[in-house]
Amino acid sequence: MTTALESQEETIRNVLIDSVSASVIRFDELSVTLKADSWESSATALRDHPELKFDQLIDLCGVDYSEYSGRVSGSRYAVVYHLLSLAHNQRVRVKVFAGDDDLPLLASVIDIWPAANWFEREAFDLFGIIFTGHPDLRRILTDYGFIGHPFRKDFPISGHVEMRYDPEQRRVVYQPVTIEPREIVPRVVREPNYGDVK
C-alpha cells in the first residue's frame, strides 16, 4: 500500500523528471534534492503544476556541509526550501546545492515566491550564497562593513575584527580582535569504568 508521502514523492519525480538527484522520506517528511542548473524551472513547476501547487514558501535557509560526514554531494553549500501546498495540504523540503564552493550561486526565487526576499538576503549575509536575479541582495543582519560570513564553519568564533566607539574620534571604529581565544568547555573527568553495567 502506497502512503501519501510515497505518492507525493512519485508525483514530484514524474513532474521534475531529470531535475531530481535524490529523495528520502524520513520522520514522516519528504525531502527532495534538486539540481542547481534547473532550479528555476523546477521551482516554477513545483508552484504551477496542478498535481503539486506548492504556492507558499514557508522558509529557506543556507547550510554549510564542509565538515558533515554524511555529505552526499561534493558541494559545500546548499539552500533548503520548505514549501507548502494549500490546495493539497502537503509539505516538502527541497534542497539545492550550489555548484561552486568558492562562489556559491543559485537562482533567486523571488519572482516565484515573493516571500523569499529577506530569506535570501539572510542566506547571503550569513553564508555568502549569492542569489542571481535578486533585486536587492545586501546584508540584512550584520553591519554593512562586516567582513566574511559568520555562519560558515571556517569563520572564527571570535570574528576577524571588533568595533567600539572611540570618544576622541566621536565615531565607531574597527580594530583587530583583542580577545584572547580560550577554551570554555568544562573538562569532565570520569573513573575508567564509569557507566559500565555490572
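Residues Y165 and R170 are in side-chain contact: their nearest non-hydrogen atoms beyond the backbone lie under 4.5 Å apart. Contact annotation: the side chain of E120 approaches that of L60 to within less than 4.5 Å [non-hydrogen atoms, C-beta and beyond]. At a threshold of 4.5 Å between non-hydrogen side-chain atoms, the residues D154 and R76 count as touching.
The structure places CG of L52 at 6.5 Å from CG of L16, a figure rounded to the nearest 0.5 Å. Atoms CG and CD, on L5 and E29 in that order, are 9.0 Å from each other to the nearest 0.5 Å. For the atom pair CZ of F146 and CG of L141, the computed distance is 10.5 Å after rounding to the nearest 0.5 Å. A distance of 8.5 Å separates OG of S41 from CD1 of I112, quoted to the nearest 0.5 Å. For the atom pair OG of S23 and CD of Q8, the computed distance is 10.5 Å after rounding to the nearest 0.5 Å. Expressed to the nearest 0.5 Å, how far CG of L103 lies from CD1 of I129 amounts to 11.0 Å.
For the pair H134 and S108, the tightest heavy-atom approach, listed with the atom from each and the gap, is N-CB, 3.7 Å. The two residues D101 and Y77 make their nearest non-hydrogen contact at O-CE1, 3.4 Å. For A78 against K95, the heavy-atom pair with the smallest separation is CB-CG, 4.1 Å. The two residues V109 and A116 make their nearest non-hydrogen contact at CG2-CB, 3.7 Å. Listed here is the closest heavy atom pair of L84 and R91: CD1-CG, 3.8 Å. Closest approach of V32 and L30 over heavy atoms only: CG2-CG, 3.9 Å.
Remark: side-chain polar atoms of K53 are not paired, donor with acceptor, to backbone N or O of H88 under 3.5 angstrom. Under the 3.5 Å distance criterion, the side-chain polar atoms of S31 are left unmatched by any main-chain donor or acceptor of R93. Judged by distance alone, with hydrogens and angles left aside, the side-chain atoms of S85 form no donor-acceptor pair with the main-chain N or O of Q90 at under 3.5 Å.
Residues satisfying the side chain to side chain contact (heavy atoms under 4.5 Å, CB included) criterion with D102, sequence neighbours excluded, are D100. Listed by chain and residue number, nothing satisfies the ring-ring contact (aromatic ring centres under 6.0 Å, His included) test with F119 (two or more places apart in sequence, or in another chain).
Linking Ile, Leu, Val, Met, Phe, Trp and Tyr whenever their side-chain heavy atoms come within less than 4.5 Å leaves I110 and F124 in two separate clusters. V92 and V24 are members of different hydrophobic clusters when ILVMFWY side chains are connected at heavy-atom separations under 4.5 Å. L57 and I12 fall within the same hydrophobic cluster, where Ile, Leu, Val, Met, Phe, Trp and Tyr residues are linked whenever their side-chain heavy atoms come under 4.5 Å apart, directly or through other members. Transitive grouping of hydrophobic side chains (ILVMFWY, heavy atoms separated by less than 4.5 Å) brings L137 and W113 into a common cluster. Cluster annotation: L34 and I58 are assigned to distinct hydrophobic clusters (Ile/Leu/Val/Met/Phe/Trp/Tyr, side-chain heavy-atom contacts under 4.5 Å, transitive).
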Tell me, with the steps shown, if V79 and F127 meet side-chain contact (heavy atoms from CB on, under 4.5 Å). CA-CA 10 Å; V79 177; F127 291 94; over 6 Å; no

Starting from the C-alpha separation in whole Å, work towards a yes-or-no answer on side-chain contact (heavy atoms from CB on, under 4.5 Å) for W118 and R121. CA-CA 5 Å; W118 282 21; R121 285 182 59 191; 3.9 Å; yes

Under the criterion side-chain contact (heavy atoms from CB on, under 4.5 Å), I'd like the reasoning laid out for T132 against L106: C-alpha separation, chi angles, the key distance, then a yes or no. CA-CA 6 Å; T132 57; L106 277 180; over 6 Å; no

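Within 6.0 Å of CZ in F155 there are more than 12 heavy atoms belonging to other residues, nucleotides or ligands. Other residues, nucleotides and ligands contribute only 12 or fewer heavy atoms inside 6.0 Å of the CG atom of D28. The 12-atom threshold is exceeded at CG of D143, counting heavy atoms of other residues, nucleotides or ligands nearer than 6.0 Å. By the 6.0 Å contact criterion, CD on E10 is open, its count of non-hydrogen atoms from other residues, nucleotides or ligands being 12 or less.
Salt bridge present: R139 and D125 bring a charged side-chain N and a carboxylate O closer than 4.0 Å. Ion pairing between R171 and D166 fails under the 4.0 Å rule for side-chain N and carboxylate O.
Side-chain contacts under 4.5 Å among hydrophobic residues (ILVMFWY), followed directly or transitively, place V173 with no other residue at all.
Under the ring pair (Phe, Tyr, Trp, His ring centres under 6.0 Å) rule, Y81 has a single partner from W39, F54, F131, which is W39.
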